[in-house]
Participant: 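Take a look at the following structure, please.
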Number of protein chains: 4
Amino acid sequence: MGDSVETQERIIQSAIKLFAQKGYHGTKTIEIAKDCGVAEGTVFKYYSTKMELLRNVLSKIIHEIIPGLILQPEGEVQKLVAAHDAEAAKAFLKAKVKRISENFSAFKILINELQYHEDIKNEYFSVLVPGVIKMVEGFYNAGRLQGFFRDINPHIAVRSFIGAVNMMVLDKNVLNRDLDVEAELEVIIDIYLNGVGTQAVQDAGIVKEG
Amino acid sequence: MGDSVETQERIIQSAIKLFAQKGYHGTKTIEIAKDCGVAEGTVFKYYSTKMELLRNVLSKIIHEIIPGLILQPEGEVQKLVAAHDAEAAKAFLKAKVKRISENFSAFKILINELQYHEDIKNEYFSVLVPGVIKMVEGFYNAGRLQGFFRDINPHIAVRSFIGAVNMMVLDKNVLNRDLDVEAELEVIIDIYLNGVGTQAVQDAGIVKEG
Amino acid sequence: MGDSVETQERIIQSAIKLFAQKGYHGTKTIEIAKDCGVAEGTVFKYYSTKMELLRNVLSKIIHEIIPGLILQPEGEVQKLVAAHDAEAAKAFLKAKVKRISENFSAFKILINELQYHEDIKNEYFSVLVPGVIKMVEGFYNAGRLQGFFRDINPHIAVRSFIGAVNMMVLDKNVLNRDLDVEAELEVIIDIYLNGVGTQAVQDAGIVKEG
Amino acid sequence: MGDSVETQERIIQSAIKLFAQKGYHGTKTIEIAKDCGVAEGTVFKYYSTKMELLRNVLSKIIHEIIPGLILQPEGEVQKLVAAHDAEAAKAFLKAKVKRISENFSAFKILINELQYHEDIKNEYFSVLVPGVIKMVEGFYNAGRLQGFFRDINPHIAVRSFIGAVNMMVLDKNVLNRDLDVEAELEVIIDIYLNGVGTQAVQDAGIVKEG
DNA sequence: TATGAATGAGCATTCATTCAT
DNA sequence: GATGAATGAATGCTCATTCAT
């Protein structure tokens with residue numbers, strides 16, 4: 001029933017679902033098998049060990065799922081920056097964060113499992129992180145050239161924003177607080193662009209432009 | 001050799017160390033025993049099950065370790081705000097973040113294990129999170145009354161800053177990048193207080209004071 | 001090799017054998033596994049804990065083995081009573097006691113283990129005991145109506161006979177005395193029917209009929 | 001507090017109590033220690049192993065407790081027989097059975113543990129059983145010579161009575177039925193002396209005297 | 001190819017026993 | 001003598017993995 005490629009895919013999907021819910025060690029292979037309606041042996045037909053299955057899950061997450069959620073088609077970011085349309089940029093960002101929040105499983109597995117598998121961490125993180133950083137730093141630099149962003153270390157600038165957004169997503173997904181992602185994002189973007197300091201503080205601080 | 005309270009404490013310390021390194025499931029009870037130089041049976045004398053040991057570890061982390069790293073004696077934060085001394089406040093913050101970064105094990109265990117233990121999450125998170133939030137929101141509100149901070153939802157304001165700092169700590173501790181915590185914090189604080197937007201952007205945006 | 005039902009049955013049979021020989025606590029799960037030629041894990045495939053295996057053993061003993069040894073098809077006892085054939089009745093009894101004596105393991109486990117498991121005792125004893133009592137008291141009452149037995153509390157009457165027989169079976173099976181079950185039964189039945197008192201004693205005692 | 005002999009005795013008493021309640025394997029040495037208010041190590045000061053403690057318990061049961069419950073001062077039984085007083089004999093028996101029923105722990109331990117310890121069984125059973133048998137068979141033979149009892153194999157005669165009484169005691173102590181020991185004994189003795197068969201049956205059976 | 005019964009190494013847990021104080 | 005903290009061999013139980021069908 002269904003060809004073997006489809007079976008393989010169903011196994012991966014069940015593994016993602018359960019690894020996210022219960023962790024790698026907390027998930028039994030028989031649970032994965034039952035979840036996708038195959039026999040335990042079938043899982044091992046496609047993935048010789050459970051660790052091999054984890055590797056495939058992480059590979060899919062890093063090469064397909066997360067890029068699909070985060071990365072943009074070439075030039076789209078540039079176009080957005082070039083458009084000088086703040087509202088369009090915000091809408092774009094909101095849609096992206098919303099999708100990420102709704103597909104948090106992939107991130108959860110990544111964050112949890114990479115900690116304990118130095119080799120996988122090196123193998124895959126070296127692929128994903130630079131790609132994302134390149135993209136968002138590219139965005140920041142483009143904005144900077146356009147005169148939107150201050151001349152700050154782009155890695156820190158970008159990481160800080162991601163951190164603020166990430167904390168909101170965790171607030172929603174881990175602490176299960178009932179947040180309106182879009183409304184929260186509005187405030188986060190405001191803080192990010194304008195800071196929390198009053199004019200007085202800002203005057204006493206770093207001069208923004210010149 | 002040594003009284004039983006000391007033995008108990010040694011077991012907890014080894015458990016914290018190893019749970020942080022290898023995760024709960026990845027740590028064998030005999031490893032904990034060997035790490036602190038007792039027999040395996042001794043571990044079970046004090047903690048009837050491995051899960052019970054985890055509960056005690058989490059309890060210690062939440063009731064002692066993290067409060068010791070984060071919370072301040074009554075009034076100290078107020079004093080800092082009242083002093084109108086930005087440098088002192090920064091120094092205070094740097095010292096705090098540095099300590100947290102240096103004692104990251106506790107946070108790692110908390111973040112990793114609470115995900116899979118809904119009951120423990122409810123039991124303990126309800127203690128820790130409100131305490132920290134109260135403290136930092138108190139700080140933000142105090143600063144706001146002093147005219148330092150804008151009138152923004154303090155939960156989001158504070159969470160965003162913690163998120164930015166947190167991401168830096170992860171950058172250092174999980175990705176093992178070689179960061180100068182103090183220098184990074186300088187930039188993060190700058191971003192937080194002043195935003196990343198240029199004057200032009202800010203002029204087009206929300207009016208800060210009025 | 002053999003289907004799973006057969007494996008389950010082999011495990012139960014080995015458990016009965018070994019629990020009878022060495023007691024529940026005295027029997028290791030690996031011994032049961034080896035005795036029936038499976039791996040230790042296989043035992044736990046079918047019976048999630050050793051206690052669960054004991055419950056199944058007791059259940060089988062109570063619902064199948066002992067009823068198979070003791071209970072009679074409907075009406076057979078009545079027929080025997082109606083036949084007025086003392087020799088046939090004796091032969092029937094001898095055959096029954098012999099089978100019980102030869103299959104004493106089941107009784108041994110029952111007697112030994114139920115003592116320590118109040119819940120199992122209630123669960124199962126409430127099934128077995130009333131069934132047996134009903135059968136034998138039915139037999140006694142039928143014989144009484146036929147004029148064979150005196151008008152004595154049937155519970156005590158029956159229990160006394162069972163006690164006498166039981167003691168003989170224990171004498172043989174626990175003390176390992178080399179007894180001829182049939183010959184012993186002859187004497188026990190004689191005592192039971194006629195008492196041990198001489199005519200003089202009986203004359204001084206309860207008048208039998210009148 | 002208390003001399004060492006008394007401590008030893010308290011340990012034995014606790015062991016008897018708990019072995020009867022939960023079995024030898026089901027009783028932990030620390031439970032025995034707590035039950036009699038000493039440290040676990042103290043138990044091992046007096047009895048080098050748990051098995052050694054069991055041996056001492058069984059020894060006490062066989063050499064002291066059960067003889068104290070069962071055996072009679074020399075000649076007392078003879079006197080009772082010689083007195084030709086059925087009521088006195090019955091009263092004597094009732095008192096004895098009642099005491100046995102009330103002190104059933106000792107028997108429980110004996111019955112349960114001897115099964116699994118062939119060496120102990122041989123060592124001690126060889127002492128107790130012949131003593132009891134000798135006494136009761138002596139009683140039966142004395143009664144036979146006095147013309148009270150029929151000329152039946154005294155071992156079987158006596159064992160049958162003990163079996164009937166024993167079953168009543170089990171009925172009370174194991175099945176927890178609420179029985180009046182004395183009233184039950186009346187009926188059992190009646191059955192034992194007179195049989196359950198009617199005159200017709202007895203006439204058709206073995207001639208009692210001749 | 002798919003199955004699921006069977007496997008057994010690995011691990012948590014128990015508890016009689018030891019021994020320094 | 002008495003204590004009770006510490007021990008570690010013994011054992012119940014788990015679960016990834018194998019393989020005959």
Side-chain angles (χ1 to χ4, degrees), chain A residues 1-4 7-8 24-34 37-54, chain B residues 1-8 11 25-34 37-53, chain C residues 1-8 11 25-33 37-53, chain D residues 1-4 7-8 24-34 37-53:
Chain A
M1 210 192 299
D3 63 13
S4 68
T7 300
Q8 251 185 82
Y24 172 73
H25 281 293
T27 304
K28 297 168 202 166
T29 52
I30 195 163
E31 291 175 328
I32 296 170
K34 277 185 181 159
V38 301
E40 206 169 1
T42 305
V43 173
F44 288 93
K45 267 272 171 319
Y46 293 104
Y47 306 98
S48 59
T49 65
K50 192 186 172 189
M51 183 54 74
E52 183 61 22
L53 175 57
L54 175 60
Chain B
M1 210 189 303
D3 64 12
S4 71
V5 173
E6 196 223 74
T7 301
Q8 250 185 84
I11 293 169
H25 282 293
T27 303
K28 298 168 205 162
T29 53
I30 197 167
E31 291 174 330
I32 296 169
K34 276 186 181 158
V38 301
E40 204 170 2
T42 304
V43 173
F44 287 94
K45 258 254 136 77
Y46 294 105
Y47 306 99
S48 58
T49 65
K50 194 184 167 191
M51 182 55 73
E52 182 62 18
L53 175 57
Chain C
M1 211 187 300
D3 62 14
S4 70
V5 174
E6 198 224 71
T7 301
Q8 253 185 81
I11 293 168
H25 282 294
T27 304
K28 298 168 206 162
T29 53
I30 197 167
E31 291 174 330
I32 296 169
V38 300
E40 202 171 4
T42 304
V43 174
F44 288 96
K45 257 255 134 82
Y46 295 105
Y47 307 99
S48 57
T49 64
K50 194 183 168 192
M51 182 56 72
E52 182 62 20
L53 176 56
Chain D
M1 211 191 301
D3 64 13
S4 69
T7 301
Q8 249 187 85
Y24 172 73
H25 281 293
T27 304
K28 297 168 202 166
T29 51
I30 193 163
E31 291 174 328
I32 296 170
K34 276 185 181 159
V38 300
E40 206 169 0
T42 305
V43 173
F44 288 92
K45 267 273 172 315
Y46 292 105
Y47 306 99
S48 59
T49 65
K50 192 185 171 189
M51 183 55 73
E52 183 61 21
L53 175 57

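Heavy-atom basis, side chains included; hydrogens, waters and symmetry copies ignored. Every chain is numbered from 1 and lettered A, B, ... according to where its sequence line falls, protein lines coming before strand lines. This is a predicted model, so every value here is computed, not measured.
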Participant: For a quick test of reading the model: is some side-chain N or O of Tyr46(A) closer than 4.0 Å to OP1 or OP2 of dT1(E)?
Facilitator: no
Participant: For nucleotides 13-21 of chain E, read 5' to 3', which letter fits each nucleotide if B means a protein heavy atom sits under 4.0 Å from the base, S means only the sugar-phosphate is that close, and - means neither?
Facilitator: BBSBBB---
Participant: Nearest 0.5 Å please: distance from the OG1 atom of Thr27(D) over to the CG atom of Leu53(D).
Facilitator: 10.0 Å
Participant: Nearest whole Å is fine: how far is dA2(F) P from Tyr47(D) OH?
Facilitator: 12 Å
Participant: Sequence neighbours left out, what passes side-chain hydrogen bond (donor to acceptor under 3.5 Å, both in side chains) with Gln8(B)? Give chain and number order.
Facilitator: none
Participant: Please confirm whether the shortest side-chain N or O distance from Thr7(D) to OP1 or OP2 of dG1(F) is below 4.0 Å.
Facilitator: no
Participant: Which value, rounded to the nearest 0.5 Å, describes the distance between Ile11(C) atom CD1 and Lys45(C) atom NZ?
Facilitator: 11.0 Å
Participant: I'd like to check the side chain to side chain contact (heavy atoms under 4.5 Å, CB included) partners of Lys28(A); sequence neighbours left out, ordered by chain and number.
Facilitator: Ile30(A), Glu31(A)
Participant: Between C1' on dA16(F) and CD on Glu31(A), what's the gap in Å once rounded to a whole number?
Facilitator: 13 Å
Participant: Is the side chain of Tyr46(D) donor-acceptor paired with the backbone N or O of Thr7(D) at a distance under 3.5 Å, no angle test?
Facilitator: no
Participant: How close or far is atom P of dA2(F) from atom CD1 of Ile32(D), stated in whole angstroms?
Facilitator: 17 Å
Participant: For DNA chain E, just give me the dot-bracket, please: Watson-Crick or G-U, both distances below 3.5 Å, ( ) intra-strand, [ ] crossing earlier pairs, | paired with another strand, . unpaired.
Facilitator: .||||||||||||||||||||
Participant: Go through the structure and list residues passing side chain to side chain contact (heavy atoms under 4.5 Å, CB included) with Phe44(B), not counting sequence neighbours.
Facilitator: Thr29(B), Glu40(B)
Participant: Using side-chain hydrogen bond (donor to acceptor under 3.5 Å, both in side chains) as the criterion, list what pairs up with Glu52(D), not counting sequence neighbours.
Facilitator: Asn56(D)
Participant: Just by modelled atom types, is the Ala39(A) backbone N or O under 3.5 Å from a matching donor or acceptor in the Lys34(A) side chain?
Facilitator: no
Participant: DNA chain F: Gly37(B) or Val38(D), which has the more 5' nearest nucleotide?
Facilitator: Val38(D)
